[in-house]
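Only a predicted model underlies this, so the values are computations on that prediction, with no experimental measurement involved. Heavy atoms only: backbone and side chains are in, while hydrogens, waters and symmetry mates are out.
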Amino acid sequence: MPMFGLGTYDMDDYDECVESVRTALETGYRHVDTAEGYHNEEAVGDAIAEADVDREELFVATKISPENLDYDQVLTNAEESLDRLGLDYVDLLYVHWPTGDYEATDTLDAFAELREEGLIEEIGVSNFTVELLEEAIEVSEEPIFANQVEMHPLLAQTELQQFCAQDDADVELVAYSPIARGAVDDVEVLQEIAEKHEATPAQVSLAWLREKGVTAIPKAAGEDHIRENWLSLGVDLDDDDVDRIDDIDREERIVDPDAAPWN
């Protein structure tokens with residue numbers, strides 16, 4: 001899985017989504033993240049079809065919505081997602097939220113079947129706590145490859161980081177909202193480190209996630225924003241920078257629905 005990608009949440013305008021994904025692919029992005037609940041899989045698929053990039057070079061991820069997580073519905077909706085994307089398989093399929101019709105064994109058995117059939121390469125979960133991730137690992141017939149969660153310098157997800165790094169877990173962390181929807185721009189520590197590296201606070205936040213071994217998938221619509229995020233790959237933080245960011249004493253969750261498992 002490429003450790004940097006394009007998120008497409010809230011990109012439900014067809015033309016905007018096609019243009020953004022195509023621009024990102026032309027810039028060098030090779031990881032694109034979508035979901036059936038984003039209502040843009042067709043646009044993402046059309047952009048991929050238009051781009052001059054071999055399918056084998058791409059890492060495409062999508063998600064099954066909570067109301068579609070019973071066994072039969074998972075199988076049906078996964079194929080519908082593939083049809084909208086115009087793909088024979090996706091590299092990663094997530095349980096979008098462990099709510100609604102989610103039941104660990106039933107849901108993950110369906111995901112395992114999709115993997116055995118070659119329709120998905122890897123199984124992922126999203127918005128899972130340590131406890132839910134432990135359960136998923138225990139009951140799943142196939143490995144849990146990734147857990148996608150909100151993560152940024154204002155929500156460090158330390159407990160999840162530590163758990164996912166354990167040998168008996170070995171789960172990749174993928175960060176959505178990795179620049180806290182712009183809130184990192186106003187953090188003094190990040191401003192100071194950004195000035196030191198001739199970068200932006202957003203680029204520093206993305207570089208910090210990379211130092212943590214976390215894959216970031218920032219949403220970006222315009223070409224300038226897409227390029228700014230991409231250039232974060234050239235920001236090399238030193239140990240002192242990382243320690244200063246680690247010491248930011250804030251825990252500010254942006255995505256926090258009442259039904260979330262941590263509430």
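Applying the under-4.5 Å side-chain rule to Ile, Leu, Val, Met, Phe, Trp and Tyr, the cluster around Y9 extends to Y38. The hydrophobic cluster around M3 extends to none of the other residues, as no ILVMFWY side-chain heavy atom falls under 4.5 Å of it.
With sequence neighbours left out, Y89 forms a ring pair (Phe, Tyr, Trp, His ring centres under 6.0 Å) with no residue at all. Shown here are the salt bridge (Lys or Arg N to Asp or Glu O under 4.0 Å) partners of R30, two or more places apart in sequence or in another chain: E57. Residues satisfying the ring pair (Phe, Tyr, Trp, His ring centres under 6.0 Å) test with Y94, not counting sequence neighbours, are none. A136 is linked by a side chain to side chain contact (heavy atoms under 4.5 Å, CB included) to Y102, L108, F128, I144, counting only residues two or more places apart in sequence or in another chain. Not a single salt bridge (Lys or Arg N to Asp or Glu O under 4.0 Å) links E26 to another residue, sequence neighbours left out.
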Show me the donor-acceptor pairs within less than 3.5 Å that the side chains of residues 153-177 make with the rest of the protein, sequence neighbours left out.
unit_1	atom_1	unit_2	atom_2	d
Q157	NE2	E150	O	2.9
Q161	NE2	A156	O	2.7
Y176	OH	N127	OD1	2.6

Donor-acceptor pairs under 3.5 angstrom involving side-chain atoms of residues 255-263: please list them, not counting sequence neighbours.
unit_1	atom_1	unit_2	atom_2	d
D256	OD1	W262	NE1	2.7
D256	OD1	N263	ND2	2.9
N263	ND2	P257	O	2.7

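Counting only heavy atoms from C-beta outward, the side chains of L93 and L114 approach each other to under 4.5 Å. When side chains are defined from C-beta on, H152 does not count as touching I179, because their heavy atoms never get closer than 4.5 Å. Two residues are said to be in side-chain contact when any heavy atoms from C-beta on lie closer than 4.5 Å; I217 and H31 meet this criterion. Using a 4.5 Å heavy-atom cutoff, the side chains of D101 and N68 are not in contact. Considering only heavy atoms from C-beta on, M11 comes within 4.5 Å of S20 through its side chain. By the 4.5 Å heavy-atom criterion applied to side chains, V53 and L58 are counted as neighbours. Looking at W208 and L237, their side chains come closer than 4.5 Å, going by heavy atoms from C-beta outward. Using a 4.5 Å heavy-atom cutoff, the side chains of E42 and L85 are not in contact.
Distance check: R22 CZ to D52 CG gives 12.5 Å after rounding to the nearest 0.5 Å.
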Test log, rule side chain to side chain contact (heavy atoms under 4.5 Å, CB included), inputs R55 and D91
CA-CA 10 Å; R55 172 66 183 96; D91 299 271; 2.9 Å; yes
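Within the 3.5 Å criterion, the main-chain N or O of E16 finds a donor-acceptor partner in the side chain of D13.
Between the side chains of T62 and E36, no donor N or O sits under 3.5 Å from an acceptor N or O.
Counting heavy-atom neighbours within 6.0 Å of D240 CG, excluding the residue itself, gives a total above 12.
Applying the salt bridge (charged side-chain N to carboxylate O under 4.0 Å, His left out) definition to pairs two or more places apart or across chains, those involving residues 202-227 are K212-D246. Every pair passing salt bridge (charged side-chain N to carboxylate O under 4.0 Å, His left out) that includes a residue from residues 102-121 is listed here, sequence neighbours excluded: R115-E122, R115-E142. Within the structure, the salt bridge (charged side-chain N to carboxylate O under 4.0 Å, His left out) test picks out the following pairs touching residues 187-201 (sequence neighbours left out): E192-R244, K196-D238, K196-D241.
Closest approach of D236 and H197 over heavy atoms only: O-CE1, 3.0 Å.
Test N229, T23, V21 against Y29 for side chain to side chain contact (heavy atoms under 4.5 Å, CB included) and you get one pass: N229.
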